[in-house]
Amino acid sequence: MLKLGGTASTPPRPNAGQEAICLLPEGARMQSQALQDEPMIAYGKGKQMPLSLYKKRHSLAHILAQAVLEFFPDAKPTIGPPVESGFYYDFAVPRPFTPEDLQRIEARMREIVKKHVDFVRREVSEEEARALFKDNPFKLELIDGLVRGGTDEYGEKTDAGAAVLSVYTQDTFTDLCRGPHVENTREIHPDAFCLSQSSGAYWRGDERNPMLQRIYGLAFDTPEELQRYLHLQEEARRRDHRKLGAELEIFLFDEEIGPGLPLWQPNGGVIIEQLEALAKRVEEEAGYERVRTPHVTKESLFLRSGHLPYYADSMYPPMTLEDGERYYLKPMNCPFHHKIYAAKPRSYRDLPIRLAEYGTCYRYEQSGELFGLMRVRSMQMNDAHIYCTEEQFEQEFLGVVNLYLRYFAIFGIEKYVMRLSLHSEEGLGKKYVDNRELWLKTEDMVRNAMRHAGVPFYEAENEAAFYGPKIDVQIYSAIGREFTLATNQVDFAVPARFNLTYVDRDGREKTPLCIHRAPLGTHERFIGFLIEHFAGAFPVWLAPVQAVLIPIADRHVEYCQRVAADLRHQGIRARVDDGTERMQNKIRKAQMMKIPYMLVVGDKEQQTSAVAVRLRTGEDLKAMPVEAFVARAKEKIQTYALDL
RNA sequence: GCCGACGUAGCUCAACUCGGCAGAGCAACCGACUUGUAAUCGGUAGGUUACGGGUUCAAGUCCCGUCGUCGGCUCCA
């Protein structure tokens, strides 16, 4: 068994010495509250919140619907559940809501809350329910589902006939609802909620369905908690990678270049090179070999790989050459690596073969999906493909998981969740390669490997890649954003399509398994994450500029330039601020660029071959010999230290 | 892709509900100052108000379209 460092259950902790704020998803906070024996109720996928808060939010959703109906009598209410931080309600309405509508509706909701109206539950027969909601096709569809079995208004499975139909009435409004609700609106503080936004939302989240208009609200137990939430949102905006990325000159987007196609500025270039250097070092130690492959290829390659039928929608349209040949920009690197594997006969003695590449891929994400660096159309993946035998699989797979954990330790990533994504029975032959036995077998292999290693994970059906199960790593940025960083996929199908083989001990040709892995995901997403994780204050080894020399007067500039040249010679990224501003202003500028070390030089330092070291944290280390500073900086860089 | 909001100087924002000469701070540039740990002073320049149409005597402002960004729906690295 491989030794693993860290566990997913390690409690999150702000980075010491950074201006850290901790905006964890509400679910994470709620778990600690659960220990204080407040009754909890589950909602959404695997989340929970205190029952009392759930009731308030749920009731506010109904009050929202009441207010909307008062202003828009033709509106058809659909569903309105409590969610993280508040609630929403979806309506079918002739026109979208305007910000002014929301103001009026919110004011009216407050009036209703202050009227201290009761919520009354009543169980009804199917016939009565159908009569009550005869003008609302959405409610009738929900009733169908409840009666026939299927899914309830929250998309959860119900048994046929097992559902009891109930309605809740408050004031003038009655809604089909399973509850629970507050008994009276006096339980709700009129200043502990507000409406936050409206947007379109498809009925049942399916874009083939009609579009409804959703109104979101925020709701807490007390006005103070609401204010705190709004304040944290404000903090999060300051830490947003899009804002910091521009301020720190890391990346930019240009309309003339295209949506989702980031330009990396020199500072971003440094960060990328450092990440690649780390990956290269780690992967060389782990027995990977580097390869490089083109960005475009003939259509036939993706037909053979099987990507085109599954992924054509996510690919840029092809370009057609004069002879009619069609070429695609590559959305992934694997087919190219398969070709390298296939270039010569392989023996079992050669395996495992690990081919790594920071290859640039292009995916035509829907315009509405693009989001800063987190979701882009051109991306460089920390990609590799491991070809191995079945016997080698477990060790190789765990080697990859171990790699993840090693990276997470370096970056101080303490909160992550591993998800085992499985196929679904319905998807066989459509979304997934049609080979049930191989699916089950491979899923077992992965599950066992994870269990043997003692790595915590949860399982999710119908989330696999088309060619096999995968482990995705969900991480949380410091401002509470959750996303998939790394992915680790088992491919039992595509190697065969490429006729990949090795000659085994018994002299027979066999098909290797392929593990696709990307522990650092893409440069784009990972750096977006790092910017938020560190609030732009990168550890020394990643900081684009590690030290800035600040001469106090013009006569110190030459000495500063000599020292800076010396530092650069020793592998420290140093600059001189030789502008005409005062020293204080230069410190301020360096602070705002979050440069780790500010080296102030005046007469004293110049005379003693020293620099006065000020840390980004504000700490003044006073004057020290240049060599002493170099030793300190080098040590922090070489150990990937998180402190200065 | 769909619904909505937004787009003014490199950045942050003005120019009002009701159309009437497009402005400020920071940054940049020039000059003076030569400073000891988060903003020295003075000056100069910088805009076809995202782009294209329309209404009007007159459009940053009203209308239409396009592009882009953001918030959602959905999916994922």
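Heavy-atom basis, side chains included; hydrogens, waters and symmetry copies ignored. Throughout, a chain's letter reflects where its sequence line sits, starting with A, and its residues are numbered from 1.
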Whole Å only: how far is the [atom1] atom of [X] from the [atom2] atom of [N]?
X: A:R377; N: B:C75; atom1: CZ; atom2: C1'; answer: 14 Å
X: A:D577; N: B:A27; atom1: CG; atom2: P; answer: 12 Å
X: A:L373; N: B:C70; atom1: CG; atom2: P; answer: 10 Å
X: A:E369; N: B:U74; atom1: CD; atom2: P; answer: 10 Å
X: A:R214; N: B:U74; atom1: CZ; atom2: C1'; answer: 11 Å
X: A:Y358; N: B:A77; atom1: OH; atom2: C1'; answer: 12 Å
X: A:E207; N: B:C75; atom1: CD; atom2: C1'; answer: 9 Å
X: A:W203; N: B:G72; atom1: CH2; atom2: C1'; answer: 18 Å

Looking only at atom [atom1], what distance separates [N] and [M], rounded to whole Å?
N: B:G23; M: B:U40; atom1: C1'; value: 25 Å
N: B:U61; M: B:G19; atom1: C1'; value: 6 Å
N: B:U35; M: B:C30; atom1: P; value: 23 Å
N: B:C13; M: B:A27; atom1: C1'; value: 15 Å
N: B:C63; M: B:C2; atom1: C1'; value: 24 Å
N: B:G20; M: B:A15; atom1: P; value: 12 Å
N: B:G10; M: B:A45; atom1: C1'; value: 14 Å
N: B:A5; M: B:C21; atom1: C1'; value: 31 Å

Once each nucleotide of nucleotides 2-16 of chain B is scored for protein heavy atoms under 4.0 Å, what B/S/- sequence comes out, 5' to 3'? BBS--B---------
Counting primed atoms plus P, OP1 and OP2 as sugar-phosphate and everything else as base, spell out the protein contacts along nucleotides 29-45 of chain B at 4.0 Å heavy-atom distance: B, S or - for each nucleotide, 5' to 3'. ----BBBBBBBB-----
Just list the side-chain donor-acceptor pairs under 3.5 Å for residues 367-376 of chain A, sequence neighbours left out, or say none.
unit_1, atom_1, unit_2, atom_2, d
A:R375, NH2, A:E365, OE1, 3.0

Looking only at atom types and distance, does a side-chain atom of A:E532 sit under 3.5 Å from a main-chain N or O of A:H241, one as donor and one as acceptor?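 Between the backbone of A:H241 and the side chain of A:E532 there is a qualifying donor-acceptor contact (under 3.5 Å).
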Sugar-phosphate, base or nothing in reach of [X], heavy atoms under 4.0 Å:
X: A:F526; result: nothing
X: A:D472; result: sugar-phosphate
X: A:L520; result: nothing
X: A:F371; result: sugar-phosphate
X: A:E524; result: nothing
X: A:G258; result: nothing
X: A:T522; result: base

Map A:L370 and A:N462 onto RNA chain B by nearest heavy atom, then report which one ends up closer to the 5' terminus.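 Here A:L370 is the residue nearer the 5' end.
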Relative to the 5' end of RNA chain B, which residue comes earlier, A:G372 or A:V376, by the nucleotide with the nearest heavy atom?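 Result: A:G372.
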Does A:E619 have any side-chain contact (heavy atoms from CB on, under 4.5 Å) partners at least two apart in sequence or in another chain, and if so, which? A:L615, A:T617, A:L621
Going by salt bridge (Lys or Arg N to Asp or Glu O under 4.0 Å), name the residues that satisfy it together with [X], two or more places apart in sequence or in a different chain.
X: A:R575; result: none
X: A:R377; result: none
X: A:K76; result: none
X: A:E605; result: none

Check for me whether A:R57 meets the cation-pi criterion with A:F87, that is, NZ or CZ under 6.0 Å from the six-membered ring centre and within 45 degrees of the ring axis. no
Assess A:R104 against A:F71: is NZ or CZ under 6.0 Å from the centre of the six-membered ring, and within 45 degrees of the ring's axis? yes
Just to confirm, is there a sub-4.0 Å distance from OP1 or OP2 of B:A77 to any side-chain nitrogen or oxygen of A:Q380? no
Establish, with yes or no, whether the OP1 or OP2 oxygen of B:C76 is under 4.0 angstrom from a side-chain nitrogen or oxygen of A:R363.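 For A:R363, the contact criterion (side-chain N or O under 4.0 Å from OP1 or OP2 of B:C76) is not met.
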Using the ring pair (Phe, Tyr, Trp, His ring centres under 6.0 Å) criterion, which residues pair with A:Y288? Sequence neighbours excluded.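 A:Y288: no ring pair (Phe, Tyr, Trp, His ring centres under 6.0 Å) contacts found.
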By ring pair (Phe, Tyr, Trp, His ring centres under 6.0 Å), A:F336 pairs with (sequence neighbours left out) none
Near-ring test A:Y316/A:Y328, centroid separation under 6.0 angstrom: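 Distance test on ring centres: not under 6.0 Å, no.
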Answer yes when A:E141 and A:R204 have at least one side-chain N-carboxylate O distance shorter than 4.0 Å, and no when they do not. yes
A:E365 (side chain) and B:A77 (base): donor-acceptor pair under 3.5 Å: yes
Using Watson-Crick or G-U wobble pairs with both distances under 3.5 Å, give me RNA chain B in dot-bracket, 5' to 3', with [ ] for crossers and | for pairs to another strand. (((((((..((((......[..)))).(((((.......))))).....(((((..]....))))))))))))....
Side-chain donor-acceptor pairs of residues 243-256 of chain A under 3.5 Å, sequence neighbours excluded:
unit_1, atom_1, unit_2, atom_2, d
A:K243, NZ, A:E247, OE2, 3.1
A:D254, OD1, A:E256, N, 2.7

